[in-house]
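Count residues from 1 along the sequence.
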Amino acid sequence: MENNAPGRGKLKVTGIIYTVLGALSILGSLLILGAGGLLLASDNDVGLVLGAAAGVFSVLGAVSGVFYLVIGILGIRNCGRPENCGANFVLGVIVLVQVVNVAVSGPTGAAYSVVGLVLSILYLQGAKQNRDAWKAAQS
């Protein structure tokens, strides 16, 4: 079924990008966690508050990074297998909803919203093309 995967390129390229972004997010979270640990070791109240906030943000960043890592790995793994692209389609919808939610919530992440919107639409389109090709082959 590998030859009948019309969304293969879109899914593979966006999967690679999501994998890299997820890995960078996890790495950044670890760095923030380390910085937060240093702040927690300080003797003043401001350092304690900032250290605790860094810990919370690092956990949120790590969860987001793991999610993007999973999306990317599944995109790369399933890009040539249309029969397995149902999960990619669902994950693509989740990412699209997340990006639209960030875009509507304020102008702070405008660049992220534009890039995220394009990536999520391409990922979703590749998954849909593969899923539709698989459904057509089954009929």
Q: Please walk me through it: do V63 and L60 pass side chain to side chain contact (heavy atoms under 4.5 Å, CB included)?
A: CA-CA 5 Å; V63 169; L60 293 175; 5.9 Å; no
Q: Search all heavy atoms of G7 against all heavy atoms of Q129 and return the closest pair with its distance.
A: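 Smallest heavy-atom distance, with atoms named: CA-OE1, 3.2 Å.
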Q: Checking the side chain of N44 only, and the main-chain atoms of G47 only, is there a donor and an acceptor separated by less than 3.5 Å?
A: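 Flag set: sc N44 to bb G47 pair under 3.5 Å.
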Q: Compare all side-chain heavy atoms of L11 with those of C85 and state whether any distance is below 4.5 angstrom.
A: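 Result yes, sub-4.5 Å side-chain heavy-atom pair found.
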Q: Sequence neighbours excluded, which residues qualify as side chain to side chain donor-acceptor pair (under 3.5 Å) partners of D43?
A: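 D43 satisfies side chain to side chain donor-acceptor pair (under 3.5 Å) with no other residue.
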Q: What's the shortest heavy-atom distance between T19 and I73, and which atoms?
A: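 Scanning both residues, the minimum pair turns out to be OG1-N, 3.5 Å.
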Q: With clusters defined by side-chain heavy atoms of hydrophobic residues (ILVMFWY) lying less than 4.5 Å apart, directly or transitively, does V59 cluster with L50?
A: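 L50 and V59: separate clusters.
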Q: Is a donor on one side and an acceptor on the other found under 3.5 Å between the side chain of S25 and the backbone of L21?
A: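 No, because the side chain of S25 does not come within donor-acceptor range (under 3.5 Å) of the backbone of L21.
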Q: Does the side chain of V95 reach to within under 4.5 Å of the side chain of F67, using non-hydrogen atoms?
A: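 A side-chain contact exists here, since the closest heavy-atom pair is under 4.5 Å.
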Q: Side-chain contact test, heavy atoms from C-beta onward, threshold under 4.5 Å: evaluate it for S58 versus L30 and give yes or no.
A: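 With C-beta onward as the side chain, the pair stays apart.
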Q: Kindly check if the number of other-residue, nucleotide or ligand heavy atoms within 6.0 Å of NZ (K12) is above 12?
A: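 Result for NZ/K12: open.
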Q: Provide the full list of salt bridge (Lys or Arg N to Asp or Glu O under 4.0 Å) pairs with a residue in residues 118-130, sequence neighbours left out, each pair given once.
A: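 Salt bridge (Lys or Arg N to Asp or Glu O under 4.0 Å) check on residues 118-130 returns K128-D132.
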Q: I need the full list of ring-ring contact (aromatic ring centres under 6.0 Å, His included) pairs touching residues 12-66, with sequence neighbours left out, sorted by first then second residue.
A: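 For residues 12-66, and leaving out neighbouring residues, the ring-ring contact (aromatic ring centres under 6.0 Å, His included) pairs sorted by first residue read Y18-Y68, Y18-Y123.
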Q: Measuring from atom CZ of R77 to atom CG of N84, what distance do you get when rounded to the nearest 0.5 angstrom?
A: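 Here the interatomic distance stands at 7.0 Å.
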Q: Closest approach of I121 and L96, non-hydrogen atoms and distance?
A: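 For I121 and L96, the tightest heavy-atom pair comes out as CG1-CD1, 3.9 Å.
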Q: Do the side chains of V97 and L124 join up, straight or via other hydrophobic residues, at under 4.5 Å, putting them in one cluster?
A: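 Per the 4.5 Å side-chain linkage, V97 and L124 are co-clustered.
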Q: Any donor and acceptor pair, going by atom type alone, linking the side chain of S120 with main-chain N or O of G116 inside 3.5 Å?
A: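 The answer is yes, because a donor-acceptor pair under 3.5 Å joins these two groups.
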Q: Taking a hydrophobic cluster as the set of Ile, Leu, Val, Met, Phe, Trp and Tyr residues connected by side-chain heavy atoms closer than 4.5 Å, whether directly or through intermediates, do I16 and L91 fall within one such cluster?
A: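 The answer is no; the residues belong to distinct hydrophobic clusters.
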Q: Quick check: is V115 connected to L117 through a chain of hydrophobic side chains (ILVMFWY, heavy atoms under 4.5 Å apart)?
A: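 Yes.
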Q: Is there a path of hydrophobic side-chain contacts, each under 4.5 Å between heavy atoms of I, L, V, M, F, W or Y residues, that connects V49 with L40?
A: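 No, it is not one cluster - the side chains of V49 and L40 are not joined through contacts under 4.5 Å.
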Q: Please check this pair: side chain of N88 against backbone of N78, looking for a donor-acceptor N/O pair closer than 3.5 Å.
A: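 The answer is no, because no donor-acceptor pair under 3.5 Å joins these two groups.
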